[in-house]
There are 2 protein chains.
Amino acid sequence: MDPSQMLSRSEDAEQFLKQLSNKTRLMVLCSLLDGERSVTELLDKVPVTQPVLSQHLALLREAEFVATRRSGQTIYYRLADERITQIMNLMYTFFCAED
Amino acid sequence: MDPSQMLSRSEDAEQFLKQLSNKTRLMVLCSLLDGERSVTELLDKVPVTQPVLSQHLALLREAEFVATRRSGQTIYYRLADERITQIMNLMYTFFCAED
DNA sequence: ATGTAATATTAGTTAAAGCTAATGTTAGGG
DNA sequence: CCCTAACATTAGCTTTAACTAATATTACAT
């Protein structure tokens, strides 16, 4: 591969991985692996304050890793990027698979 | 999964991903996908100064993502973690695969 | 219209990552 | 022994990520 292309692709990959490299965001994404969840449900699983969770959700939305659906006052989040699903499944096997 | 276990595993995963989330380290690891390379060879592929490359190599060594072999004054680096091989192959398909 | 539940945003501070510049180590050649 | 090549380390500075605290928005019920 030509050097400038390698650089620009590694910059894209860096950006992608950085957006993933946070325990709160990983817990959120992991929780979404088996379907959509509301913010309140996520708050119940992820040990952070509401504003902090909301900040991380904003980042995941901007990255388009997740998408939302509103139902009344409740907002449901779901995975929206096939790459995220794949990499989260891989991370699950690395860090969460049974012995 | 119990909440404290989920937290500690996501902390491990965060650490793992952060060590990967850098364009220079990604270029190095990508270059090692098809075999070992000396520092000089890596310098030829990766557009950074020698001390910066060396700092990133030190981090990759401490993370045990890579291992080294010395031959005279030359030090050869190779991949040393199967998880890295897997995830780098995945990143390659996401960011570098031919349309 | 007022109140409350659910969620989002903004400003300010702190901590961690990455760079530059200088210097150190190790191995081999003359 | 001295010099050079190959590589590593350290200190100081700058940038970026993440948290806290306070406040704002949106939807629904009374």
Side-chain angles (χ1 to χ4, degrees), chain A residues 7-8 10-32 36-80, chain B residues 7-8 10-32 36-80:
Chain A
L7 177 59
S8 108
S10 66
E11 282 168 349
D12 293 345
E14 170 182 334
Q15 174 68 3
F16 176 84
L17 287 172
K18 273 194 176 150
Q19 288 164 327
L20 214 54
S21 300
N22 173 278
K23 64 187 174 205
T24 299
R25 295 195 290 274
L26 288 168
M27 285 186 279
V28 167
L29 294 172
C30 189
S31 298
L32 297 180
E36 67 174 17
R37 300 217 190 283
S38 70
V39 176
T40 299
E41 288 168 342
L42 289 172
L43 253 179
D44 213 56
K45 299 201 130 206
V46 175
V48 288
T49 63
Q50 181 271 320
V52 165
L53 178 59
S54 202
Q55 286 163 6
H56 287 292
L57 291 174
L59 188 155
L60 292 172
R61 266 185 277 123
E62 274 156 50
E64 296 184 281
F65 290 174
V66 298
T68 59
R69 165 176 85 80
R70 176 186 278 278
S71 169
Q73 322 174 38
T74 303
I75 296 186
Y76 291 93
Y77 279 77
R78 64 177 182 278
L79 296 184
Chain B
L7 177 59
S8 107
S10 65
E11 282 168 350
D12 293 346
E14 170 182 334
Q15 175 68 1
F16 176 83
L17 286 172
K18 273 193 177 151
Q19 289 164 326
L20 214 55
S21 300
N22 173 279
K23 64 187 174 203
T24 299
R25 295 195 288 275
L26 288 168
M27 285 186 279
V28 166
L29 295 171
C30 190
S31 298
L32 296 179
E36 68 173 16
R37 301 217 188 281
S38 70
V39 176
T40 300
E41 287 168 340
L42 289 171
L43 254 179
D44 212 57
K45 298 199 131 208
V46 176
V48 288
T49 63
Q50 181 271 318
V52 166
L53 178 58
S54 201
Q55 285 164 6
H56 287 292
L57 291 173
L59 189 154
L60 292 172
R61 264 184 278 123
E62 274 157 50
E64 297 185 278
F65 290 174
V66 298
T68 60
R69 165 177 85 81
R70 176 186 279 276
S71 170
Q73 324 174 36
T74 302
I75 296 187
Y76 290 94
Y77 280 78
R78 63 177 182 279
L79 296 184

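A note on names: the letters A, B, ... follow the listed sequences, proteins ahead of strands, and every chain is numbered from 1.
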Tabulate atom names and distances for all N/O pairs under 3.5 angstrom spanning the protein and nucleotides 9-13 of chain D.
from	atom 1	to	atom 2	distance (Å)
dT10(D)	O4	Gln55(B)	NE2	2.7

- When you check the phosphate oxygens OP1 and OP2 of dA17(D), does a side-chain N or O of His56(A) lie under 4.0 Å from one of them? no
- Which pairs count as side chain to side chain donor-acceptor pair (under 3.5 Å) when at least one residue sits in residues 70-79 of chain A, sequence neighbours excluded? Arg61(A)-Tyr77(A)
- Are Asn22(A) and dA18(D) close enough that a side-chain N or O sits under 4.0 Å from OP1 or OP2? yes
- Query: Could you give the CD-to-P distance, from Glu36(A) to dT7(C), as a whole number of Å?
  - Reply: 12 Å
- Task: Using heavy atoms to find the nearest nucleotide of DNA chain D for Tyr76(B) and Lys23(A) separately, return the residue whose nucleotide is more 5′.
- Result: Tyr76(B)
- Task: Send over the distance from Leu57(A) CG to dT9(C) C1', rounded to a whole Å.
- Result: 13 Å
- Task: Mind listing the residues from residues 40-48 of chain B sitting with a heavy atom below 4.0 Å of DNA chain D? Number order is fine.
- Result: Thr40(B)
- Note on the structure: Separation between CG (Leu43(B)) and CZ (Arg37(B)), nearest 0.5 Å, reads 13.0 Å
- Message: Rounded to whole Å, please give me the gap between CD in Gln15(B) and P in dA17(D).
- Response: 17 Å
- Item | Residues which pass salt bridge (charged side-chain N to carboxylate O under 4.0 Å, His left out) with Glu36(A), listed by chain and number, not counting sequence neighbours | Arg69(A)
- Item | side chain to side chain donor-acceptor pair (under 3.5 Å) contacts touching residues 43-52 of chain A (sequence neighbours left out) | none
- Item | Side-chain (Glu41(A)) to main-chain (Ser38(A)) donor-acceptor, under 3.5 angstrom | yes
- Task: Round to a whole Å and report the spacing from NZ of Lys18(A) to C1' of dA18(D).
- Result: 14 Å
- Over 12 foreign heavy atoms within 6.0 Å of CD, Glu64(A): no
- Rounded to the nearest Å, what distance is computed from the CG atom of residue Leu53(A) to the C1' atom of nucleotide dT7(C)? 10 Å
- Taken to the nearest whole Å, CG/Leu59(A) to P/dT16(D) is 15 Å
Sequence neighbours left out, cut at 3.5 Å: what donor-acceptor pairs do the side chains of residues 12-29 of chain A make with other protein atoms?
from	atom 1	to	atom 2	distance (Å)
Glu14(A)	OE1	Lys23(B)	N	2.7
Glu14(A)	OE2	Lys18(A)	NZ	2.6
Ser21(A)	OG	Leu17(A)	O	2.6
Ser21(A)	OG	Ser21(B)	OG	3.0
Asn22(A)	OD1	Thr24(A)	N	2.9
Asn22(A)	OD1	Arg25(A)	N	3.1
Arg25(A)	NE	Gln19(A)	O	2.6
Arg25(A)	NH1	His56(A)	ND1	3.0
Arg25(A)	NH2	Lys18(A)	O	3.3

- Note on the structure: Rounded to the nearest 0.5 Å, the CD1 atom of Ile75(B) sits from the OG1 atom of Thr68(B) at a distance of 6.0 Å
- Hey, mind stepping through Ser31(A) and Leu42(A) against side-chain contact (heavy atoms from CB on, under 4.5 Å) and telling me if it holds? CA-CA 7 Å; Ser31(A) 298; Leu42(A) 289 172; 3.9 Å; yes
- Message: Output the rounded distance in Å from CG (Leu26(A)) to C1' (dA17(D)).
- Response: 15 Å
- How many Å lie between CG on Leu20(A) and P on dA17(D), as a whole number? 14 Å
- Task: Report the residue (Glu14(A) or Thr74(A)) whose heavy-atom-nearest nucleotide on DNA chain C is the more 5′ of the two.
- Result: Thr74(A)
- Message: I want to check something: taking the side chain as every heavy atom from C-beta on, are Val66(B) and Leu57(B) in contact at a cut-off of under 4.5 Å?
- Response: no
- Nucleotide by nucleotide, 5' to 3', does protein get under 4.0 Å of the base (B), only the sugar-phosphate (S), or neither (-) in nucleotides 24-30 of chain D, counting heavy atoms? --SBS--
